[in-house]
2 protein chains.
Amino acid sequence: MTETPAQYLHHHGLRKTLGRELVLTTFLDQSRALSHGELNTLLGDQLNRASLYRVLQSFEESGIVHRVPDDEVSVKYALCSGACSSEQHHDNHVHFKCNHCGETQCLPEVKLPKVKTPDSLKVESAELLLRGYCRHCAA
Amino acid sequence: MTETPAQYLHHHGLRKTLGRELVLTTFLDQSRALSHGELNTLLGDQLNRASLYRVLQSFEESGIVHRVPDDEVSVKYALCSGACSSEQHHDNHVHFKCNHCGETQCLPEVKLPKVKTPDSLKVESAELLLRGYCRHCAA
DNA sequence: ACCTTTATGCAACAGTGTTGCAAATATTAA
DNA sequence: TTAATATTTGCAACACTGTTGCATAAAGGT
Ligand SMILES: [Mn+2]
Ligand SMILES: [Mn+2]
Ligand SMILES: [Zn+2]
Ligand SMILES: [Zn+2]
């Protein structure tokens, strides 16, 4: 990302606000998928809980983050690779979640192969979630 | 499934109870992935809400259902194909969720291709979630 | 039938996600 | 720079999700 967070927001049609800059910077700092709860803990009282939900909504709608399905209590979000807009997301990439530390990361370099599906289904997108042990937690 | 629900429970090391038979029968009737909330609605006051959570836990632990990651508020569960036990689940198959009606179904006949992942990650399982429009909702 | 183990209902609780509204802030137009 | 307007924020209230302790009920083995 060559732009500043403020410019990045502006290019996605969002006003530059303290909350949005905080959330965007946190995603860049952490470089992993984060749930609302994790962000809320990281941000402390710098941003209201409800406002954080609204920041995440606006980010998803404008193509700044995408949702990462999770098998736990709450959904996670991860920064989009860059090509996403409010028109469309292009995040058909693979995610990896560690069974030990619970961290989820995007694997944009892993190609998602096409699978053959029944003709009756009109498939529009695919989400592959790998689970296992990350570099730090491998037994 | 050639066994009765009661036998099926017994073979998975679970006592036959009214709640478990109700939940198992509902999964068989619906043939799709169901969330706790959906089951709770279908069962009405036939089974207490907390007990339903506990039935789902016992089913997951004993290899009767597996969790289907979802990008919405709550997790879904689907019947295992049969080979699963309390030792291990073998549900590395594909799921499909309709963007219109929201129903999720297992696609056991769709082969999940192996993907090449970074050596630093120890991948143990994979979950592919397809999204689009189902037979009934296709535009 | 009795005993032991396990499951259930109920209630209370913590976390997640949504919404209305008034106050604060960002952007645009004087 | 100021004023007008549009958007965002904090706060509070709420509904839903998931967990737990405990007393009672039911299941399975003797
Ligand atoms: Mn991603
Ligand atoms: Mn399945
Ligand atoms: Zn890890
Ligand atoms: Zn549908």
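The analysis underlying the following values was restricted to heavy atoms, covering all of them including side chains, and did not include hydrogens, waters or symmetry mates. So you know, we letter chains A, B, ... as the sequences are listed, proteins then strands, and number each from 1.
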d([atom1], [X]; [atom2], [N]) in whole Å:
X: B/Glu21; N: C/dT8; atom1: CD; atom2: C1'; result: 15 Å
X: A/Phe59; N: D/dT8; atom1: CZ; atom2: P; result: 11 Å
X: B/His11; N: D/dG28; atom1: NE2; atom2: P; result: 13 Å
X: B/His10; N: D/dG28; atom1: NE2; atom2: P; result: 7 Å
X: B/Asp45; N: C/dT8; atom1: CG; atom2: P; result: 15 Å
X: B/Lys16; N: D/dA27; atom1: NZ; atom2: P; result: 6 Å
X: B/Lys76; N: D/dT17; atom1: NZ; atom2: C1'; result: 15 Å
X: A/Leu56; N: C/dT18; atom1: CG; atom2: P; result: 10 Å

Within the 6.0 Å centroid threshold, strictly below: A/His10 and A/His12: no
Sugar-phosphate, base or nothing in reach of B/Gly37, heavy atoms under 4.0 Å: nothing
Sugar-phosphate, base or nothing in reach of B/Leu18, heavy atoms under 4.0 Å: nothing
Distance-only donor-acceptor test, B/Arg54 side-chain atoms vs D/dG21 base atoms, 3.5 Å: yes
Side-chain donor/acceptor of A/Arg49 to base of C/dT16, under 3.5 Å: no
A/His36 and A/Tyr53 aromatic ring geometry - parallel, tilted or perpendicular at 30°/60° bounds: parallel
Chi angles and distances behind the side-chain contact (heavy atoms from CB on, under 4.5 Å) call for A/Arg131, B/Glu124: CA-CA 6 Å; A/Arg131 303 210 45 152; B/Glu124 303 225 315; 5.8 Å; no
Distance test, side-chain N/O of B/Tyr53 to OP1/OP2 of D/dG18, below 4.0 Å: yes
N or O in side chain of B/Thr17 less than 4.0 angstrom from C/dA7 OP1/OP2: no
Side chain of [X]: nearest nucleotide among [options]?
X: A/Asn48; options: C/dT8, D/dC11, C/dA7; value: D/dC11
X: B/Arg15; options: D/dT17, D/dT9, D/dA26; value: D/dA26
X: B/Leu14; options: D/dG18, C/dT18, C/dA7; value: C/dA7
X: A/Arg20; options: D/dT20, C/dT18, D/dT9; value: D/dT9

Check against side-chain contact (heavy atoms from CB on, under 4.5 Å), A/Arg20 and A/Ser58: CA-CA 9 Å; A/Arg20 286 178 182 153; A/Ser58 71; 3.6 Å; yes
Member of B/Gln105, B/Lys76, B/His66, B/Arg32 meeting the side-chain hydrogen bond (donor to acceptor under 3.5 Å, both in side chains) criterion with B/His95: B/His66
Of A/Gln46 and A/Glu72, the one whose closest DNA chain D nucleotide lies more 5': A/Gln46
